[in-house]
Amino acid sequence: MTPEDLAGVVRAAVAQLQAEGALTGDLPEEIVIERPRSKEHGDYATPVALTLAKSAGRPPREIAELLAGRLTATPGIEAAEVAGPGFVNLRLAADAQGQVARAIVDAGTAYGHGIGHAGQSINVEFISANPTGPIHLGHARWAAVGDAIARVLEADGASAVREFYINDRGVQMDRFGASVQAVADGRPVPEDGYHGAYIADLAAQIVAEHPEFLGLSEEEQHVAFREAAYLVQLKQQQQVLDLFRTHFDVWYSERSLHASGAVERGMQRLREQGHVFELDGAVWLRTTDFGDDKDRVLIKADGEMTYFASDTAYYVDKRERGFDVAIYLLGADHHGYVNRLRAVAACAGDDMDRNVEVLIGQLVKMMKNGEEVRLSKRAGTIITLEDLIDEVGVDAARYSLIRYPVDSPLTLDLDLLVKRTNDNPVFYVQYAHARIASVLRNATDLGIDWREASFDAGLLRHEREADLLLALAQFPAIVASAAELREPHRVPRYLESLATAYHRFYDVCRVLPRGDEELTDQHVARLWLCAATRQVIANGLSLCGVSAPDRM
RNA sequence: GCGCCCGUAGCUCAAUGGAUAGAGCAACCGGUUUCUACCCGGUCGGUUGGGGGUUCGAAUCCCUCCGGGCGCGCCA
């Protein structure tokens, strides 16, 4: 029995008490089932009597007594006791608990999936780095977390699209092109250009492929280098992100946004909604109607579109493409955009509390040998995602970027991330998976076919077995909350506690028969438990985009 | 000046308004004849930055002060 099953049981009990007139008031929307911190309080607890007390007009403990009496008589529940101010503490029967193992093995990769976001189409936009340089450490956090958010949303039933907005238009592109062109020409990079070491590499590559560029007129040459460098750089970004296992569904070009007429359509939409006005020769959007601290210019007095106009059109375009929710993942230096983007949604006639979400991620730093890493091998002054992958590998990098809530600054300790001991969480979790895989392999070698043998769930009554089963049963709720709160860090945190529960079990519960010992139902039951644990660890790691190795 | 985020054990960090605030590291002590010791157990460690409020209950929500980070263009 999972917590979700239990919530259903409690709900039914409350509904029945109300139907019988033993209890008045409303049926709560959600039945909260918690895992008590202390084991003395049972496997699960519900504070539902406390929340019911007000509308029922009776003391919480009295309601709890009624509920406990009803629940005690329910199959699968061994004990229901009233405690404290009105909690009902529940203890499950070993058999009901143990069936979780079978349910997990039967569900396979689908275990943990939910329907909380069923029917929702969600656009998750992240990184959106300018195609004028490598993906760097500042983007890396989102590369991992953004992808994990999409994975978790999908697991909870949503249709999620990972989208990368390519800023392939405007002044930065020109400066980038001019920088590459200058180096190719043997001139110094302009003051306002790009000075990273990678610019010279780009220039050399392009000259090698297109020696004819050098003979072009200044104007033609600029365009030629800009376009060639842009394509090479974009490709390089895409390759690094692929290597990092973050695969975008849509690479959306800003140029195509303009070329398609989306900007005009977006502008039209805003005008229809009545939030556009003119002042001092410029065209403005009255974002202050919806909580922004100042109105924003869409078209400057010189007739040029602002970047904000593109942003606005892009949002409208996303909605026109059918997304219910547009999630933006931005760095802390962009937090000023939060109110602006929300106001854009409202100005477009949308619900800014539902159709748009802006998540802000704080800075990432890297430490090595006790010092902050400031220089990149490749890019000179910026640390790249490629540097990070080189240092610790994709698994450790993704895992540690996902492991922390994004709203606090993060310092990655590179020395720690390459360690292969239990102070390095990713290895700790992966090791648990490899350990189980090894046990299952050995079972096969011994000719044990546990899947076909009879599974007696009631045999899993050792304290460590019960703890492990409780941990396994938690997984669907963890996935659901990670999706709902857009907090994928809950998954690795959970995996660490699950790995601990497994190692503790393994430490005292022998799984396979020793020597010429006979195979018993107990061995079989423990193999089911192992298989279930392996499955959940694999499913959880998959939500992080981290591999689940069978051997280490 | 205005705004956003953060402040939890010596360190890095958890905790969806729930019961005695938890892990790992560090420090110290212990555990394996056979399934992966990359593991497990124990000890030590806290006025959740300070103060006030909301309620059955606050690290969590509100106010205020202190400390830190970031942002406030007809730039992109």
Side-chain angles (χ1 to χ4, degrees), chain A residues 32 34 36-38 40-41 45-47 50-51 53-54 59-61 83-87 89 130 167 169-175 279-284 293-294 296-302 304 306-308 310-311 331-339 360-363 367 403-413 416 419-425 427-428 430-432 434-443 445-446 464 477 480-482 484-485 487 489-490 493-494 496-497 499-500 502-515 517 523 526-527 530 551-552:
Chain A
V32 176
E34 301 164 348
R37 286 187 213 279
S38 163
E40 296 158 28
H41 296 136
T46 178
L50 293 164
T51 47
K54 200 166 274 178
R61 277 197 70 105
F87 290 97
N89 294 337
N130 286 337
N167 297 120
R169 191 176 171 278
V171 180
Q172 294 305 321
M173 283 294 294
D174 287 333
R175 289 178 182 166
L279 181 72
D280 299 334
V283 178
W284 299 67
D293 52 356
K294 58 190 70 167
R296 307 288 168 179
V297 173
L298 290 164
I299 303 172
K300 298 188 270 180
D302 64 8
E304 283 287 310
T306 61
Y307 195 84
F308 175 68
S310 297
D311 281 347
D333 52 342
H334 285 70
H335 75 245
Y337 285 46
V338 176
N339 285 336
I360 296 297
Q362 301 293 323
L363 203 72
M367 300 290 283
R403 188 173 182 256
Y404 303 95
V406 292
D407 53 13
S408 59
L410 172 59
T411 304
L412 296 179
D413 182 341
L416 179 71
K419 271 201 214 163
R420 301 167 69 81
T421 61
N422 83 358
D423 47 346
N424 183 359
F427 280 104
Y428 182 76
Q430 287 183 316
Y431 176 68
R435 199 178 210 188
I436 301 170
S438 170
V439 171
L440 296 174
R441 257 195 320 270
N442 293 342
D445 291 347
L446 290 172
R464 298 283 171 89
S481 67
E484 180 59 33
L485 302 167
E487 290 184 353
H489 75 271
R490 287 162 192 280
R493 294 283 168 177
Y494 161 77
E496 288 158 32
S497 69
T500 296
Y502 182 78
H503 289 312
R504 283 165 54 88
F505 153 78
Y506 182 90
D507 204 46
V508 293
C509 295
R510 174 76 195 189
V511 178
L512 297 172
R514 307 164 192 252
E517 221 179 322
H523 295 130
R526 285 181 173 169
L527 279 164
C530 285
R551 297 172 199 271
M552 287 177 77

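Only heavy atoms go into these numbers, but all of them, side chains included; no hydrogens, no water, no symmetry mates. Protein chains get the first letters and strands the later ones, always in sequence-line order, with residue 1 at the start of each.
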Check your understanding: Just how far, in rounded Å, is P of B:C38 from CE of A:Met552?
Key -> 10 Å
Practice item. May I have the distance from A:Arg435 (atom CZ) to B:U36 (atom C1'), rounded to whole angstrom? Key: 6 Å
Check your understanding: Just checking A:Ala434: base, sugar-phosphate only, or nothing, at a heavy-atom cut-off of under 4.0 Å?
Key -> base
Practice item. With sequence neighbours left out, write down each residue that passes side chain to side chain contact (heavy atoms under 4.5 Å, CB included) with A:Pro405, or none if nothing qualifies. Key: A:Asp407, A:His489
Point to revise | For A:Arg490, all residues meeting side-chain hydrogen bond (donor to acceptor under 3.5 Å, both in side chains), sequence neighbours excluded | key: A:Glu487
Practice item. Please state how far atom CZ in A:Arg514 lies from atom P in B:U32, giving the value in whole angstrom units. Key: 13 Å
Practice item. Starting at the 5' end of nucleotides 6-16 of chain B, put B wherever the base has a protein heavy atom under 4.0 Å, S where only the sugar-phosphate does, and a dash everywhere else. Key: S------SSSB
Exercise for review: Look at A:Asn339 and B:G71 and indicate whether a side-chain polar atom (N or O) is within less than 4.0 Å of OP1 or OP2.
Suggested key: no
Point to revise | A:Asp413: partners by side-chain hydrogen bond (donor to acceptor under 3.5 Å, both in side chains), with sequence neighbours left out | key: none
Protein-nucleotides 74-76 of chain B N/O pairs under 3.5 Å:
{"residue": "B:C74", "atom": "O2", "partner": "A:Ala301", "partner atom": "N", "Å": "2.9"}
{"residue": "B:C74", "atom": "N4", "partner": "A:Leu279", "partner atom": "O", "Å": "3.4"}
{"residue": "B:C74", "atom": "N4", "partner": "A:Asp280", "partner atom": "O", "Å": "3.2"}
{"residue": "B:C75", "atom": "OP2", "partner": "A:Lys300", "partner atom": "NZ", "Å": "3.4"}
{"residue": "B:A76", "atom": "OP1", "partner": "A:Lys300", "partner atom": "NZ", "Å": "3.2"}
{"residue": "B:A76", "atom": "N6", "partner": "A:Tyr337", "partner atom": "OH", "Å": "2.6"}
{"residue": "B:A76", "atom": "N1", "partner": "A:Tyr337", "partner atom": "OH", "Å": "2.2"}

Check your understanding: What interatomic distance, in whole Å, is found between P of B:G69 and the corresponding atom of B:U8?
Key -> 15 Å
Revision key, fill the gap. Per nearest nucleotide of RNA chain B, the residue lying toward the 5' end, A:Arg441 or A:Arg464, is A:Arg441
Point to revise | Under the side-chain hydrogen bond (donor to acceptor under 3.5 Å, both in side chains) test, residues paired with A:Arg464 that sit two or more places apart | key: none
Exercise for review: Determine whether any donor atom in the side chain of A:Asn89 lies under 3.5 Å from an acceptor atom in the base of B:A19, or the reverse, and answer yes or no.
Suggested key: yes
**Study point:** Euclidean distance, atom OH of residue A:Tyr506 to atom C1' of B:U32 [Å, nearest integer]
**Key:** 11 Å
**Study point:** Integer-rounded Å distance: B:C35 C1' and A:Asn442 CG
**Key:** 6 Å
**Study point:** Whole-Å distance separating the CG atom of A:Leu50 from the P atom of B:G57
**Key:** 11 Å
Practice item. In whole angstrom, give the distance that lies between atom CD of A:Gln362 and atom P of B:C70. Key: 10 Å
**Study point:** Rounded distance (Å) that lies between atom C1' of B:U20 and atom NE2 of A:His41
**Key:** 9 Å
